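No experiment lies behind these values; they were computed from the predicted model shown. Below, chain A is the first sequence line, B the second, and so on; all start at residue 1.
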There are 2 protein chains.
Amino acid sequence: MGRSVESNRRIRSERHQAILAASLDLFASRGLAATKVADIAEAAAISPGLVYHYFSSKGDIFVLLVDRAISRLNEAAAELEALAISPADKLRLALGGLLKNLEESEDAARTHLFMAQAAVSEATPEAARVVMTTRGRLPYDTIERIIRAGQDAGTVQTGDAGAMAQLFWSTIKGLALHRAVDGENYRSPEPAVLLRMFLVEGD
Amino acid sequence: MGRSVESNRRIRSERHQAILAASLDLFASRGLAATKVADIAEAAAISPGLVYHYFSSKGDIFVLLVDRAISRLNEAAAELEALAISPADKLRLALGGLLKNLEESEDAARTHLFMAQAAVSEATPEAARVVMTTRGRLPYDTIERIIRAGQDAGTVQTGDAGAMAQLFWSTIKGLALHRAVDGENYRSPEPAVLLRMFLVEGD
DNA sequence: GTCTATATCCAGATAGAC
DNA sequence: GTCTATCTGGATATAGAC
């Protein structure tokens, strides 16, 4: 008895993950409205009906994915800020890591794209929008603080720190978009090129 | 008789434009699938049925909009390249103009966003995809040539010109995305900041 | 040219058998 | 836990009156 309960728990978790993974992929490449539950089911290798055994609606899956993505990004942002290195090095690390991730990890690229779609589309569920506005600003604020600290130290270019933080993330999102469109043809830019926008020469 | 024919022609043109403008707006903010023909009709202040008097399907409107947007962008790119100024100045002009456009023109921002959605979504009609792949590369190629010319002249930073051209446009697209999401809160970056990625100091 | 009414289809979600 | 069959609503697109 304990055995079958355990087994069920594992199956449940596996299906759950499979549905989420399939949904992320499809939502990122087509958007919420153009993704059919039947597509999700097929990609997850289960029947359409079973999807509703795990989630109560297509929108619910979407909201959970938004929540997860934001949580991970916020964790990473908090970790970055806590590191005992200079602001300039934090920017180098962040940009280098993000570009590398974008280039190597299909999943990371999908997530960025998914979040971009979620943020921009007025068709996104209200619950997802709430999550984004309440918890989605942290990465922006974090980068803004780092930029400001760097400006105080004289290693980061002067200028509106808020606008520069926006620029930081919009560059990443733009590249994620390109990477999704161009696929194999995507050429990752050198981190040093992007860093020229933020760091002072030689720093 | 000539009078009413003329009048009809004008009405026809006006409705045509109204439908296209409304569709661009809605497609940009929600995507093709999430936009209902009823929404388009309402935004254009006509009945749903009348939309089909002017276009044979929702997808057709989409394709025409893609075609128009690409034509305009290609024209602008060709004009830019033909100017009798230095490559560095062409980049300054292009970037300055694009940022200014993004900031001041709601319509320009919408168009960038619309094209980004069209490019990225797998739900995009095949006909639109054909247009994008056959005629959509010109702006990229143009910027790439300008960058290469600047590199030869020593006024543009060295590096993979193709990757830099991609970076150029992905930055614009990323900003368009942000501008759409943040609306009033959008802070346009200084062109000089972006130019640091491309131009050598002091040029 | 424009509208209202409607046919038709398709996708989200549910029910119930296994 | 999983499937098949089905209900139901809503959206595209058409028909026909004005």
Side-chain angles (χ1 to χ4, degrees), chain A residues 1-23 26-27 29-65 121-128, chain B residues 1-23 26-27 29-65 121-128:
Chain A
M1 191 230 261
R3 181 62 142 261
S4 87
V5 166
E6 186 56 33
S7 173
N8 278 349
R9 205 191 303 276
R10 227 200 58 233
I11 286 183
R12 229 188 134 67
S13 167
E14 274 173 13
R15 293 282 177 274
H16 204 81
Q17 292 303 321
I19 291 171
L20 287 175
S23 300
L26 290 163
F27 288 155
S29 59
R30 311 180 181 187
L32 174 61
T35 300
K36 292 172 281 194
V37 173
D39 297 336
I40 296 173
E42 189 184 352
I46 58 178
S47 74
L50 192 55
V51 173
Y52 291 92
H53 182 71
Y54 288 93
F55 296 91
S56 60
S57 77
K58 188 172 74 161
D60 264 30
I61 302 176
F62 192 91
V63 174
L64 183 56
L65 283 171
S121 174
E122 283 174 17
T124 36
E126 190 54 31
Chain B
M1 194 230 262
R3 181 59 143 263
S4 89
V5 165
E6 186 55 32
S7 174
N8 278 348
R9 205 190 303 274
R10 225 200 59 233
I11 286 182
R12 229 188 133 66
S13 167
E14 273 172 12
R15 293 280 177 276
H16 203 82
Q17 292 302 322
I19 292 170
L20 287 175
S23 300
L26 291 164
F27 289 155
S29 59
R30 311 182 181 185
L32 174 61
T35 301
K36 292 172 280 195
V37 173
D39 297 335
I40 296 173
E42 189 182 355
I46 59 178
S47 76
L50 192 55
V51 173
Y52 291 92
H53 182 72
Y54 288 93
F55 296 91
S56 60
S57 77
K58 189 173 71 162
D60 264 30
I61 302 177
F62 192 92
V63 174
L64 183 57
L65 284 171
S121 175
E122 283 174 17
T124 304
E126 190 54 30

*asked:* Could you check whether any side-chain heavy atom of B:I46 comes within less than 4.5 Å of a side-chain heavy atom of B:I19, counting everything from C-beta outward?
replied: yes

*chain A on DNA chain D: first and last contacting nucleotide, 5' to 3', under 4.0 Å to a heavy atom?*
D:dG1 to D:dT4

_Consecutive-pair stems (3 or more, Watson-Crick or G-U, under 3.5 Å) for DNA chain D_ = C:1-18 with D:1-18

What N/O pairs connect the protein and nucleotides 11-14 of chain C at under 3.5 Å? Give each pair on its own line.
from   : atom 1 : to    : atom 2 : distance (Å)
C:dA11 : OP1    : A:K36 : NZ     : 3.2
C:dG12 : OP1    : A:T35 : O      : 3.4
C:dG12 : OP1    : A:K58 : NZ     : 3.0
C:dG12 : OP2    : A:V37 : N      : 3.0
C:dA13 : OP2    : A:Y52 : OH     : 3.1
C:dA13 : OP2    : A:K58 : N      : 3.2

*Considering non-hydrogen atoms only, spot the tightest contact between B:V51 and B:A41 and give its length.*
CG2-CB, 3.9 Å

_Minimum heavy-atom distance between B:L32 and B:A123, given as atom pair plus value_ = CD2-O, 3.9 Å

*Considering residues at least two apart in sequence or located in another chain, which fulfil the side chain to side chain contact (heavy atoms under 4.5 Å, CB included) criterion with B:A127?*
B:V63

*In residues 8-20 of chain A, which residues come under 4.0 Å of DNA chain C by heavy atom?*
none

*asked:* My understanding is that only residues two or more places apart in sequence, or in another chain, count here; which of them pass side chain to side chain donor-acceptor pair (under 3.5 Å) with A:S47?
replied: none

*State which residues pass ring pair (Phe, Tyr, Trp, His ring centres under 6.0 Å) with A:F62; sequence neighbours excluded, sorted by chain then number.*
A:F27, A:F114

*Decide yes or no for B:F55 and B:L20: does some side-chain heavy atom of the first lie under 4.5 Å from some side-chain heavy atom of the second?*
yes

*Any salt bridge (charged side-chain N to carboxylate O under 4.0 Å, His left out) involving residues 29-38 of chain B? Give me the pairs, sequence neighbours left out, ordered by first then second residue.*
A:E122-B:R30, B:R30-B:D39

*Minimum side-chain heavy-atom gap B:I61-B:V37 below 4.5 Å*: no

*asked:* Need one value for A:F55: base, sugar-phosphate or nothing, where a base atom within 4.0 Å counts as base even if backbone is also close, heavy atoms only.
replied: nothing

*Minimum heavy-atom separation for B:T35 to B:L26, with atom names?*
OG1-O, 3.4 Å

*Does A:S29 have any side chain to side chain donor-acceptor pair (under 3.5 Å) partners at least two apart in sequence or in another chain, and if so, which?*
none

What side-chain donor-acceptor pairs closer than 3.5 Å can you find for residues 8-18 of chain A, not counting sequence neighbours?
from  : atom 1 : to    : atom 2 : distance (Å)
A:R10 : NE     : A:E14 : OE2    : 3.3

